[in-house]
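Down below is the structure, laid out as structure tokens.
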Amino acid sequence: IVIEYVELLILAYFREYGTRYSASDLAKKLGVTLDLLNSYLEEMLEKKELCIKENMISISKEGRLVLANLTRFTPRYDSK
């Protein structure tokens, strides 16, 4: 479950920052080493949740679908 959570955070990061990402910034935000981040990124590239465009990592359509499905099934609470 922790791995899935970290992968969701990575997807959200790439959705937000696009090609303006920083691997060291992302690793710092996640609280992981660059080596561990690279492992996550490699796995997510293999699963096609991330892709490489013009030598830059970016979120793929599949990655966007993962986030969209999560949002669709996340309960929302009214402040009333």
(message) Does any part of the side chain of E43, heavy atoms only, come nearer than 4.5 Å to the side chain of E49, both counted from C-beta?
(response) no
(request) Compute the centroid of each ring, for Y13 and then for Y21, and state whether the two points are separated by less than 6.0 Å. (result) no
(request) Could you tell me the separation between the CD1 atom of I57 and the CD1 atom of I10, rounded to the nearest 0.5 Å? (result) 9.5 Å
(request) Output, in order, the C-alpha distance, side-chain angles, deciding distance and verdict of side chain to side chain contact (heavy atoms under 4.5 Å, CB included) for M44 and L11. (result) CA-CA 9 Å; M44 294 173 76; L11 289 174; 3.5 Å; yes
(message) To the nearest 0.5 Å, what is the distance between CZ on R64 and OG on S58?
(response) 8.0 Å
(message) Let's go through E62 and K47 carefully: what are the C-alpha distance in whole Å and the side-chain angles of both, what is the deciding distance for salt bridge (charged side-chain N to carboxylate O under 4.0 Å, His left out) to 0.1 Å, and is it a yes or a no?
(response) CA-CA 9 Å; E62 290 84 357; K47 293 193 301 188; over 6 Å; no
(request) Nearest 0.5 Å please: distance from the NZ atom of K53 over to the OG atom of S60. (result) 8.0 Å
(request) Establish whether Y5 and L65 are linked, either directly or via other cluster members, by ILVMFWY side-chain heavy-atom contacts under 4.5 Å. (result) no
(message) Using side-chain heavy atoms (C-beta onward) and a distance below 4.5 Å, is L45 in contact with Y40?
(response) no
(message) Does either side chain, that of Y17 or that of D25, offer a donor lying less than 3.5 Å from an acceptor on the other one?
(response) no
(message) Quick one, L9 with L26, criterion side chain to side chain contact (heavy atoms under 4.5 Å, CB included). Give me CA distance, side-chain angles, the key distance, then yes/no.
(response) CA-CA 9 Å; L9 292 174; L26 177 55; over 6 Å; no
(message) Please find the pair of heavy atoms, one from L30 and one from L37, that lie closest to each other, and give the distance.
(response) CD1-CD1, 4.1 Å
(message) Do L34 and V6 sit in one hydrophobic cluster, given that two such residues count as connected whenever their side-chain heavy atoms are within less than 4.5 Å of each other, even indirectly?
(response) yes
(message) Let me confirm one number: the CD-CG distance from E7 to L41, rounded to the nearest 0.5 Å.
(response) 9.5 Å
